[in-house]
Student: 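Dropping a structure here in structure tokens format, bear with me for questions.
Computed from heavy atoms alone, side chains included, the values below leave out hydrogens, waters and symmetry copies.
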Amino acid sequence: MNDNNKKQLKKTGRRPKEDPATIRYTISFNEQEHARFLALFDKSGMQIKAHFITSCIFDKTIKTIQIDKGTVDFYMRLTSFHSQFRSIGVNYNQIVKLLYKNFSEKKAAAFLYKLEKQTAEMAMLCQKIIQISEEFEAKHLKK
């Protein structure tokens, strides 16, 4: 009877590892070494320090990722500006259609003249922005 009860019990919990890591080592750092270690650990992008140490010891590749937040912010703003510029182009086409549909030729031409001046200013601004972004890429982005 006891044999049947033992077979019916379900094992719960975590399955044991096939090759558990049971051997441990300790290491001591002074303040400078510890700061250097933490800097390397942060650059690696790893979440667990033990995995980082084992990858350093056994010459596995160590990933170091540096994200420049200023560059990311610059590209996000440039992308949003580009989308706004595109939406202005769509609105420009809609305005031209509405001017010719709702106003006389003379009034529509007068409004279009004003709109043309604003468009020329916007084109000059776009050229300046392109120039600034090219200068930024040349100075700060490494390819």
Side-chain angles (χ1 to χ4, degrees), residues 4-143:
N4 289 338
N5 287 341
K6 287 182 182 178
K7 289 181 182 177
Q8 290 177 354
L9 291 177
K10 293 185 178 179
K11 291 187 176 182
T12 59
R14 191 185 320 179
R15 291 183 182 159
K17 293 182 177 179
E18 292 178 16
D19 186 20
T22 57
I23 301 169
R24 302 178 197 280
Y25 289 95
T26 60
I27 187 169
S28 300
F29 291 131
N30 61 21
E31 292 296 324
Q32 293 172 344
E33 292 170 338
H34 183 66
R36 186 174 173 205
F37 170 74
L38 289 178
L40 289 173
F41 175 69
D42 288 339
K43 286 182 183 178
S44 72
M46 292 181 145
Q47 300 295 323
I48 302 170
K49 291 178 185 171
H51 293 171
F52 173 70
I53 292 169
T54 55
S55 68
C56 289
I57 291 173
F58 296 117
D59 293 328
K60 295 179 184 175
T61 57
I62 301 170
K63 290 191 266 181
T64 57
I65 301 170
Q66 291 181 338
I67 299 174
D68 186 9
K69 297 195 186 239
T71 305
V72 172
D73 186 41
F74 173 75
Y75 273 117
M76 286 178 19
R77 290 177 189 260
L78 191 63
T79 303
S80 68
F81 176 75
H82 180 64
S83 65
Q84 289 174 3
F85 194 73
R86 286 180 49 214
S87 65
I88 288 171
V90 171
N91 291 342
Y92 184 84
N93 288 339
Q94 292 173 351
I95 288 173
V96 170
K97 287 180 185 178
L98 287 174
L99 283 176
Y100 279 113
K101 185 177 177 182
N102 294 329
F103 294 107
S104 66
E105 261 322 293
K106 191 174 182 181
K107 255 192 171 175
F111 285 129
L112 279 177
Y113 179 72
K114 290 180 182 178
L115 187 61
E116 189 176 327
K117 283 184 179 179
Q118 295 296 320
T119 305
E121 288 179 23
M122 195 168 66
M124 287 175 31
L125 180 64
C126 185
Q127 291 294 330
K128 287 181 184 178
I129 290 170
I130 290 172
Q131 180 186 3
I132 291 171
S133 63
E134 287 173 354
E135 288 175 8
F136 182 82
E137 279 187 33
K139 288 181 182 178
H140 301 289
L141 298 181
K142 296 176 184 176
K143 292 184 179 182

Student: For the OG atom of Ser44 and the NZ atom of Lys49, what is their distance to the nearest 0.5 Å?
Tutor: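 Separation between the atoms: 11.0 Å.
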
Student: My understanding is that only residues two or more places apart in sequence, or in another chain, count here; which of them pass ring-ring contact (aromatic ring centres under 6.0 Å, His included) with Tyr92?
Tutor: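 For Tyr92, no residue satisfies ring-ring contact (aromatic ring centres under 6.0 Å, His included) once neighbours in sequence are set aside.
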
Student: Can you tell me how far CD1 of Ile88 sits from OG1 of Thr119, rounded to the nearest 0.5 angstrom?
Tutor: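 So the OG1 of Thr119 and the CD1 of Ile88 are separated by 9.5 Å.
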
Student: Students often mix this up, so state it plainly: with edges at 30° and 60°, are the rings of Phe52 and Phe37 parallel, tilted or perpendicular?
Tutor: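 Answer is tilted, since the angle falls between 30° and 60°.
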
Student: Check the surroundings of atom CD in Glu135: do more than 12 heavy atoms from other residues, nucleotides or ligands lie under 6.0 Å from it?
Tutor: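 It does: Glu135 CD has more than 12 such atoms within range.
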
Student: Side chains of Tyr100 and Val96: does their closest heavy-atom pair fall under 4.5 Å?
Tutor: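 A side-chain contact under 4.5 Å exists here.
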
Student: Ile23 versus Tyr25: any side-chain heavy-atom pair under 4.5 Å?
Tutor: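 A side-chain contact under 4.5 Å exists here.
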
Student: Between CE of Met122 and CE of Met124, what distance do you get to the nearest 0.5 Å?
Tutor: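 Met122 CE to Met124 CE: 12.5 Å, rounded to 0.5 Å.
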
Student: Tell me if a side-chain donor or acceptor on Glu134 pairs with a main-chain N or O of Gln131 at a distance below 3.5 Å.
Tutor: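 Flag not set: sc Glu134 to bb Gln131 has no pair under 3.5 Å.
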
Student: To the closest 0.5 Å, what do you measure between OG1 (Thr54) and CE (Met46)?
Tutor: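 Atom-to-atom, Thr54:OG1 and Met46:CE are 7.0 Å apart.
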
Student: Between CD1 of Ile27 and CD of Glu33, what distance do you get to the nearest 0.5 Å?
Tutor: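 Ile27 CD1 to Glu33 CD: 8.0 Å, rounded to 0.5 Å.
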
Student: Salt-bridged, Arg77 to Asp73, with N to O below 4.0 Å?
Tutor: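 Looking at Arg77 and Asp73, the cut-off is met.
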
Student: How long is the gap from NZ on Lys101 to CG on Leu99, to the nearest 0.5 Å?
Tutor: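 Atom-to-atom, Lys101:NZ and Leu99:CG are 12.0 Å apart.
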
